[in-house]
Chemist: 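Before we start, here is the structure in question, set down as structure tokens.
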Amino acid sequence: MKAVVHVTVVLFASAVGGLVSNLDLDAQYTSTDQCLITYGGENQKRSVNGIVNTECGGGWHSAPWGNWGVTSNYGHVQDGNQFPGHHPGTATGTNRPIWQWNSCTAFYPAPNGQRSTRGVATHGSRIHRIPLSCSSGNIFIPAPSVMGCTVAPRTWTMSNNFMSLYELDWDGDDFITTLYFPATSISMNCNYYGCSSKKSNWVSVSRSTKPLTGVQAELRTKVSARYQTGCAW
């Protein structure tokens with residue numbers, strides 16, 4: 001049973017005869033409808049033009065190439081292509097291709113710097129859930145929300161954009177730098193059923209916690225919404 005209904009039924013004779021049921025105005029329903037807003041972060045124009053000293057050999061490490069992951073306001077580090085570089089490799093324990101960076105430029109210089117050979121990459125995605133009250137329906141079956149995704153905000157703004165970059169290893173990840181970005185904003189204009197994916201303008205790095213690494217990138221936000229019913233059986 002997906003909804004709990006508390007109702008008081010009052011029966012009275014109508015003007016034309018017969019009995020009509022009336023729901024108590026204080027009827028309460030457990031909300032199971034939702035508007036699901038999916039938002040994510042994307043990056044492009046990645047480059048490294050400074051000194052990075054994290055994958056310099058020793059133990060099982062294979063200098064100088066390393067895969068870089070991202071923890072951000074959109075998600076956490078993954079062994080994938082969150083911040084792809086230019087040197088081909090494979091994710092640990094798989095045949096899945098990843099694109100790595102020279103992560104030991106102190107000993108393996110990159111005289112002309114490094115630039116990613118990949119295009120736009122997604123570094124994280126999350127879901128924001130807006131609960132919706134069921135409408136009254138009838139005595140036994142509550143009806144879906146009357147609002148749907150029209151309750152979604154007109155503008156979706158991310159004011160705390162950042163990417164913390166890590167060189168990934170089986171024995172622990174090495175911090176590289178955190179990049180901070182300006183706020184991003186998107187007009188949504190959803191209807192009852194939601195709205196298709198829209199994207200913000202690209203923004204550039206406003207600050208790095210380790211500027212000598214010379215890491216640069218652009219960031220944008222993407223957002224979409226969809227209505228999910230659960231009130232009616």
Chemist: Do Val223 and Met158 touch side chain to side chain, with heavy atoms closer than 4.5 Å?
Modeler: no

Chemist: Within the structure provided, determine whether Glu55 and Pro64 are in side-chain contact (heavy-atom separation under 4.5 Å).
Modeler: no

Chemist: Pick from Thr105, Thr213, Leu212: which one makes a side-chain contact (heavy atoms from CB on, under 4.5 Å) with Ile51?
Modeler: Thr105

Chemist: Ignoring hydrogens and geometry, is there a side-chain-to-backbone donor-acceptor pair from Asn43 to Leu219 under 3.5 Å?
Modeler: no

Chemist: Does atom CZ of Arg118 have more than 12 heavy-atom neighbours, drawn from other residues, nucleotides or ligands, at distances under 6.0 Å?
Modeler: yes

Chemist: Determine yes or no for a side-chain-to-main-chain donor-acceptor pair under 3.5 angstrom, with Asn73 supplying the side chain and Phe162 the backbone.
Modeler: yes

Chemist: Quick check: closest heavy atoms across Met163 and Ala217, and the distance to 0.1 Å?
Modeler: CE-CB, 4.2 Å

Chemist: Can you name the salt bridge (charged side-chain N to carboxylate O under 4.0 Å, His left out) partners of Arg220, sequence neighbours left out?
Modeler: Glu42

Chemist: Are the two sulfur (SG) atoms of Cys56 and Cys104 closer than 2.5 Å?
Modeler: yes

Chemist: Are the side chains of Phe83 and Val215 in contact, using a 4.5 Å heavy-atom criterion?
Modeler: yes

Chemist: Any sub-3.5 Å donor-acceptor pair from Asp33's side-chain atoms to Ser145's backbone N or O?
Modeler: yes

Chemist: SG to SG, are Cys149 and Cys190 under 2.5 angstrom apart?
Modeler: no

Chemist: Kindly say whether Val52 contributes a backbone atom to a donor-acceptor pair with the side chain of Asn102 at under 3.5 angstrom?
Modeler: no

Chemist: Kindly say whether Val77 contributes a backbone atom to a donor-acceptor pair with the side chain of Thr71 at under 3.5 angstrom?
Modeler: yes

Chemist: Would you name the heavy atoms of Thr38 and Ser125 that are closest together and state the gap between them?
Modeler: CG2-OG, 3.6 Å

Chemist: Using distance alone, with no hydrogens and no angle criterion, decide if Asn95 and Thr90 have a side-chain donor and acceptor under 3.5 Å apart.
Modeler: no

Chemist: Could you check if a side-chain atom of Leu165 sits within less than 4.5 angstrom of a side-chain atom of Val70, using non-hydrogen atoms only?
Modeler: yes

Chemist: Are the side chain of Thr32 and the backbone of Cys231 linked by a donor-acceptor contact shorter than 3.5 Å?
Modeler: yes

Chemist: Hey, does Val205 have a side-chain heavy atom less than 4.5 Å from the side chain of Phe181?
Modeler: yes

Chemist: Once you measure the plane-to-plane angle for Trp101 and His86, does it fall in the parallel (<30°), tilted (30-60°) or perpendicular (>60°) bin?
Modeler: perpendicular

Chemist: Between the main-chain N or O of Gly85 and the side-chain N or O of Arg46, is there a donor-acceptor pair closer than 3.5 Å?
Modeler: no

Chemist: Among Gln216, Lys45, Glu218, which one satisfies side-chain contact (heavy atoms from CB on, under 4.5 Å) with Ser204?
Modeler: Glu218

Chemist: Please check if any side-chain donor atom of Tyr74 sits under 3.5 Å from a side-chain acceptor atom of Thr221, or the reverse.
Modeler: yes

Chemist: Within the structure provided, determine whether Thr209 and Phe175 are in side-chain contact (heavy-atom separation under 4.5 Å).
Modeler: yes

Chemist: Can any side-chain N or O of Trp68 pair as donor or acceptor with the backbone N or O of Ser103 at less than 3.5 Å?
Modeler: no

Chemist: Which heavy-atom pair separates Cys35 from Leu132 by the least distance, and what is that distance?
Modeler: N-CD1, 3.8 Å

Chemist: Could you give all pairs that pass the side chain to side chain donor-acceptor pair (under 3.5 Å) test and reach residues 191-203, with sequence neighbours left out?
Modeler: Tyr192-Tyr227

